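No hydrogens, no waters, no symmetry mates; every other heavy atom, side chains included, goes into these values. Nothing here was measured: the structure is a model prediction, and the numbers come from that model.
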There are 2 protein chains.
Amino acid sequence: MEFNETKNIFLQIRDWVADQILQGEIVAGEKIPSVRELAVDMEVNRNTVMRSYSLMEEEGIIENKRGIGFFVVADAKRNLLKMQKQIFLQDELPSILHQIEVLKLNSEDLQILIQTIQSNDHAN
Amino acid sequence: MEFNETKNIFLQIRDWVADQILQGEIVAGEKIPSVRELAVDMEVNRNTVMRSYSLMEEEGIIENKRGIGFFVVADAKRNLLKMQKQIFLQDELPSILHQIEVLKLNSEDLQILIQTIQSNDHAN
DNA sequence: TATACTGTCATAGTGTATTATGACACTAAT
DNA sequence: ATTAGTGTCATAATACACTATGACAGTATA
């Protein structure tokens with residue numbers, strides 16, 4: 001996997017798994033890749049994946065079954081949506097707004113952004 | 001100063017100075033705070049500020065006068081605008097779009113964002 | 001029972017951001 | 001000439017993310 005240099009790897013792995021859940025590619029109750037398997041896939045150390053999974057376990061989106069592996073919690077998707085939404089609106093959005101103001105980005109520059117938002121208006 | 005835990009301090013200091021220039025609070029030709037002074041102000045080590053300034057010197061937005069200090073380059077603002085715009089549109093926007101899609105954020109959730117963009121349409 | 005999976009823990013090593021200090025050369029002002 | 005302010009370089013220490021391995025207990029399956 002291609003990792004961003006500015007963000008910790010174990011956080012990016014968490015984000016990747018969270019994305020899989022939000023996009024419905026991993027369903028509630030389903031088993032996620034084993035620590036060792038994902039480590040090989042992502043060319044990363046076991047301990048790093050372990051750290052991501054431990055974090056997600058604390059967040060209550062996956063749970064462990066001894067000797068078997070990690071599984072997606074029942075309402076993981078709903079909880080994730082709520083968590084991520086709040087993080088985005090409270091922590092990330094202010095910085096985005098600030099940049100748009102300072103760089104004087106207009107509707108033309110951000111055409112795609114506006115389109116993306118509007119396409120969510122008509123999607124239930 | 002309050003630093004974000006997820007981003008390197010020397011990069012946040014660079015961003016802060018760049019912001020001052022973009023907002024016109026530091027003008028071309030003007031002297032910026034000395035390495036030692038800013039270090040005390042921000043409660044950070046000299047070397048960390050030095051690293052930020054070295055980076056900005058490489059980026060061509062400030063220049064050094066021996067024994068005196070660092071000064072804002074003539075067309076620093078124009079260059080910064082171009083640089084930051086490109087970074088935002090190419091590196092940050094894709095991730096923002098992805099989150100909006102996954103979290104299904106609509107015009108209501110992002111009301112402030114749309115207003116901010118539109119207020120830039122009428123500003124020359 | 002043996003084998004091959006699971007997660008987990010412990011230990012050690014590497015790289016890098018940050019801090020803490022000291023020393024030096026250059027410039028401006030008294 | 002002295003003093004105080006600039007940047008700059010070198011060194012050492014700390015903290016932490018990541019890697020590399022080995023070992024162990026629980027589980028499933030042949």
Side-chain angles (χ1 to χ4, degrees), chain A residues 1-18 20-21 26-74 76, chain B residues 1-18 20-21 26-74 76:
Chain A
M1 184 175 172
E2 330 134 358
F3 291 108
N4 188 335
E5 295 172 8
T6 64
K7 196 170 186 179
N8 291 342
I9 293 179
F10 79 95
L11 290 176
Q12 295 185 55
I13 294 176
R14 190 219 83 115
D15 288 347
W16 181 83
V17 177
Q20 299 288 305
I21 296 174
I26 309 181
V27 193
E30 194 174 340
K31 180 177 177 297
I32 66 177
S34 78
V35 172
R36 285 178 168 84
E37 187 187 352
L38 192 57
V40 173
D41 271 14
M42 296 199 160
E43 294 174 325
V44 152
N45 191 275
R46 298 192 309 233
N47 301 329
T48 305
V49 176
M50 188 60 204
R51 192 169 176 189
S52 307
Y53 282 13
S54 295
L55 172 59
M56 288 188 280
E57 197 175 21
E58 284 178 14
E59 292 177 323
I61 62 182
I62 61 175
E63 63 186 353
N64 176 253
K65 294 184 184 174
R66 291 198 294 176
I68 307 181
F70 282 99
F71 296 76
V72 177
V73 154
Chain B
M1 182 176 174
E2 330 136 356
F3 292 109
N4 187 335
E5 295 172 6
T6 65
K7 197 171 185 179
N8 290 343
I9 292 179
F10 78 95
L11 290 177
Q12 295 185 55
I13 294 176
R14 190 220 84 115
D15 289 346
W16 181 83
V17 177
Q20 299 289 304
I21 297 175
I26 309 180
V27 193
E30 193 175 340
K31 181 177 176 298
I32 65 176
S34 78
V35 172
R36 285 177 168 84
E37 187 187 351
L38 192 57
V40 173
D41 272 14
M42 296 199 160
E43 295 174 323
V44 151
N45 191 273
R46 299 191 309 232
N47 302 329
T48 305
V49 176
M50 188 61 203
R51 191 167 177 190
S52 307
Y53 282 13
S54 295
L55 172 59
M56 288 188 278
E57 198 175 22
E58 284 177 14
E59 292 177 323
I61 62 182
I62 63 176
E63 64 186 353
N64 176 252
K65 293 182 185 175
R66 289 199 295 175
I68 307 181
F70 283 99
F71 296 77
V72 177
V73 154

Which listed nucleotide ([options]) is nearest to the side chain of [X]?
X	options	answer
A:Phe70	C:dT27, C:dC24, C:dG7	C:dG7
B:Arg46	C:dG22, D:dT19, D:dT21	C:dG22
A:Val44	C:dC26, D:dT19, C:dT18	D:dT19
A:Thr48	D:dT19, D:dA23, C:dT18	D:dT19
A:Arg36	C:dT19, C:dG7, D:dG26	C:dG7
B:Asn64	D:dA17, C:dG7, D:dG7	D:dG7
A:Ile68	C:dA28, C:dT18, D:dT27	D:dT27

Given atom [atom1] of [X] and atom [atom2] of [N], what is their separation to the nearest angstrom?
X	N	atom1	atom2	answer
B:Phe71	D:dG7	CZ	P	9 Å
A:Arg66	D:dC24	CZ	P	19 Å
A:Leu55	D:dC16	CG	P	17 Å
B:Glu43	C:dT18	CD	P	16 Å
B:Tyr53	D:dT6	OH	C1'	12 Å
A:Asn8	C:dT16	CG	P	15 Å
B:Phe10	C:dT18	CZ	P	6 Å
A:Glu5	D:dA17	CD	C1'	14 Å

Test item: B:Gln12 side-chain N/O and B:Lys7 main-chain N/O as donor-acceptor pair under 3.5 Å: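 Checked: pair present.
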Pairs meeting criterion ring-ring contact (aromatic ring centres under 6.0 Å, His included) with involvement of residues 29-48 of chain A, two or more places apart: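 Counting only pairs at least two positions apart or across chains, no ring-ring contact (aromatic ring centres under 6.0 Å, His included) contact touches residues 29-48 of chain A.
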side-chain hydrogen bond (donor to acceptor under 3.5 Å, both in side chains): pairs with one or both residues in residues 46-59 of chain A, sequence neighbours excluded: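 Those involving residues 46-59 of chain A are A:Arg14-A:Glu59, A:Asn45-A:Asn47.
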Residue-phosphate contact under 4.0 Å: A:Ser34 side-chain N/O, C:dT6 OP1/OP2: yes
Sugar-phosphate only, base, or nothing, as touched by A:Arg51 at under 4.0 Å among non-hydrogen atoms: sugar-phosphate
Heavy-atom side-chain proximity of B:Phe71 to B:Lys65 below 4.5 angstrom: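 Side chain of B:Phe71 against side chain of B:Lys65, heavy atoms only: contact under 4.5 Å found.
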Nearest atoms (heavy-atom pairs only) where B:Ala74 meets B:Ala28: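 Result for this residue pair: O-CB, 3.2 Å.
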Upstream residue (5' side of DNA chain C) when B:Asn47 and A:Glu37 are each assigned their closest nucleotide: A:Glu37
Heavy-atom donor-acceptor pair, A:Asn45 side-chain to D:dA20 base, under 3.5 Å: yes
